[in-house]
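Contents: one structure, followed by commentary.
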Amino acid sequence: MSIKLTTQAYCKMLLHAAKYPHCAVNGLLVAEKQKEKKKDSHSTPILCVDCIPLFHGTLALAPMLEVALTLIDTWCKENKYVIAGYYQANERTKDFRPNQVAEKVGARIAENFSEAAMIMVDSTRFTMGCYEPILAIYDHHENKWKCRDCNADCFEDWCEAQKITSALLEGRSYESLIDFDNHLDDLRNDWTNPEINKSVLHLC
Amino acid sequence: MGHVKEINVLIIVFTEMRDKLRKWREDNHRNSEQIVDVGEELINEHASKLGDDIWIIYEQVMIAALDCSRDDLAWTCLQELKKQFPGSQRVKRLAGMRLEALEKYEDASKQYDSILQDDPTNTAARKRKISILKAQGKSAEAIRELNEYLEQFVGDQEAWHELSELYINEHDYGKAAFCLEELMMTNPHNHLYCEQYAEVKYTQGGLENLELSRKYFAQALKLNNGNMRALFGLYMSASHIAASPKVNATVKKANVKYAAWATNQINRAYQLAGRGTKENKCSVKAVEEMLESMQITMS
C-alpha cells in the first residue's frame, strides 16, 4: 500500500523545487511495472524509481498537463514504468497543503494506479543539508487523501538520499534540471534529465 | 607585452559581467543567484569603472540578494542608494521590499503608505502592498485591491497579467480570460497572450470554449510558428472537438484535418530537435505513439 522513493526520485524532486524557489512546481513519480500480482502484494511497498518534473508557475491550466500526462504515459509503457505518484510544492513556503490541482491530478493517477501517492513538499524545512525528509505523503483511501508520516522508512536508502541530494544542491545541479515547461520552450531540453541521473549514479 | 595583455583580459571580463547584468535587467530575468554572483563581484572589484551604471546595478543586485536571503548584501546596496539618493521614493520602495523579505509585513506596509501619502499616484508602492497580500495568502483581498488599482491604472499590463494569474490560481477561468482579453486587445501581436488565453478557454471546457481555444492556439501559431504550446494546444483542442458526439460531420472532418496538420508539424519539430542526440530519440518515439493512439480515439 505504501510507496518508497529511490535517491534519484527524491533528488530530482528537490532540485526542481530549488530551481524555482519563487514558483509552485509539480511533477510525476514513476515506478517499475510489476510483472504479476504476488499473493502478498499489499505488503510489498511500491518503489518510485524516478521523477519527471513537469511545470513551474501556473499549475492550474489543463492543456499542457494533458499533453505531459499522455506523453509520459506513452514513455512509461516503452520503459515498463507506470505513473505511480504526483508531487507539488506550493508557491508560498508556508503553504504545504494539497490544493485542488494536486487532488485532481492525484485522483486521475489513482484511476490508473490504485496505490498512487500524492506528495507535498514542505519548503519550510528545505535546507542545503537535507537533514530530514521534507515530504508529506498522501495515500488515496475511499476517495479521500490521508496523510502518512514521512520518515527514513519511506526511502530505499535515506542516508544515501540525504547525502546525494545535499551534494547536488551544493553543486547547484538544479540549474541544469529540465522540466516539461523547459522542454516546451525548447524541444532539445530532455525531461528525463540523463545528465543529472548520471550525477546521482556517480555519487552512489 | 604580457602585462598589457593581462589588463585587456580583465577589461573584457569586466565588460562581459556588466553586459550580462544589463541583459538580465532588460529581459527581467529572475536568475537571482547568478545576479548575486556576478553583481557582488562587480560591485566589490570594479565599482570605479561602472560610472553611473552603478546605481541601477545596486538596485538590481539588492533585489536579487533579497531573493537569495543575502540580507548583508542587500543592506550594503540599500545604504549606498540611500546615501546617493536621500529621500527618493524609489529607494524607499526598495527599503520596503527588504522588510517584506524579512516578513515584516506591517512595517513594509507602513513604508509604502508613507510613499503614498507623499505621492498617491505611486503605482509601485500600491503594487507592493498587493504583493504583501499575496505573500500572506490573502488571495481574495489581493484580487479585490488589484481590481481597484486597475480601475485607475487601466493600461498597466503587468497588473492585468498578475490579475489573470491570481484568477487562474483561484480556478476563476472566466475572469482570467477577461484579463487576457484586455492584454490581447492592447498587444495584438503578442503570441504568448493568445496562447495563454487559449489555455484558459480550454480549461474552462465545453464545446464552445474548446472551439475558441482552437482558434486562439491557431492565432498564436500564426504570430509565432515556433510556439510549441500553441501547436500542442491546437492538436489537443481539435482532437477533442473531432471526438465529441455533439459535432456534425462537417465540423468533425475539419477538426480531424486540423489535428492531422498539427500532428505533422509536431512530428517535424521533434525530428528537427532530435537530430544527433541519442536521448531524444525516445521522446520522438513517445510523441509519435501518443499522436497515433489519439488518432484512433478520434475516428
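Just so we're on the same page: letters track the sequence lines, and every chain starts at 1. Just so you know, these numbers use all the heavy atoms, side chains as well, and skip hydrogens, waters and symmetry mates.
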(message) If I take atom OG1 from residue A:Thr70 and atom CZ from residue B:Phe232, how far apart are they, to the nearest 0.5 angstrom?
(response) 9.5 Å
(message) Is B:Glu103 in contact with chain A via its backbone, its side chain, both, or neither, using a 4.5 Å heavy-atom distance?
(response) side chain
(message) Please classify the contact between A:Asn90 and chain B as side chain, backbone, both or neither, with a heavy-atom cut-off of under 4.5 Å.
(response) neither
(message) Is it the case that over 12 heavy atoms from other parts of the model lie below 6.0 angstrom from the CZ atom of B:Phe178?
(response) no
(request) Let me know if A:Lys94 has heavy atoms under 4.5 Å from chain B in its side chain, its backbone, both or neither. (result) side chain
(request) With rounding to the nearest 0.5 Å, note down the distance linking CZ in A:Arg92 to NZ in B:Lys134. (result) 11.0 Å
(request) Check each atom of B:Gln136 against the heavy atoms of chain A and say whether the ones under 4.5 Å are side chain, backbone, both or neither. (result) backbone
(message) Just checking A:Arg125: does its CZ atom have more than 12 heavy atoms from other residues, nucleotides or ligands closer to it than 6.0 angstrom?
(response) yes
(request) Decide yes or no for B:Met228 and A:His183: does some side-chain heavy atom of the first lie under 4.5 Å from some side-chain heavy atom of the second? (result) no
(request) Determine whether more than 12 heavy atoms belonging to other residues, nucleotides or ligands lie under 6.0 Å from atom CG of A:Asn143. (result) no
(request) To the nearest 0.5 angstrom, please state how far the CG atom of B:Leu272 sits from the CZ atom of A:Arg188. (result) 10.0 Å
(request) Begin with the C-alpha distance, continue with both residues' side-chain angles, and end with the deciding distance and a verdict on side-chain contact (heavy atoms from CB on, under 4.5 Å) for A:Leu61 and B:Tyr202. (result) CA-CA 8 Å; A:Leu61 291 174; B:Tyr202 184 108; over 6 Å; no
(request) Please say whether more than 12 non-hydrogen atoms of neighbouring residues, nucleotides or ligands are located less than 6.0 Å from CG in A:Asp186. (result) yes
(request) For each of A:Leu59, A:Asp185, A:Asp95, tally heavy-atom pairs with chain B at distances under 4.5 Å, and name the one with the top tally. (result) A:Asp185
(message) I need the residue from A:Ala60, A:Cys76, A:Gly57 with the largest number of non-hydrogen atom pairs under 4.5 Å to chain B.
(response) A:Ala60
(message) Can you tell me which portion of A:Asp73 sits under 4.5 Å from chain B's heavy atoms? Options are side chain, backbone, both or neither.
(response) neither
(request) Could you walk me through whether B:Arg229 and A:Asp181 pass the side-chain contact (heavy atoms from CB on, under 4.5 Å) test, one step at a time? (result) CA-CA 9 Å; B:Arg229 287 181 181 79; A:Asp181 258 333; 2.8 Å; yes
(request) Please determine, among B:Gln34, B:His171, B:Glu165, the option with the most heavy-atom pairs under 4.5 Å with chain A. (result) B:His171
(message) Quick check for you: to the nearest 0.5 Å, what is the distance between A:Glu66 atom CD and B:His240 atom NE2?
(response) 4.0 Å
(message) Using a 4.5 angstrom heavy-atom cutoff, name the option from B:Ala176, B:Ser213, B:Ala135, B:Ser237 with the most pairs to chain A.
(response) B:Ala135
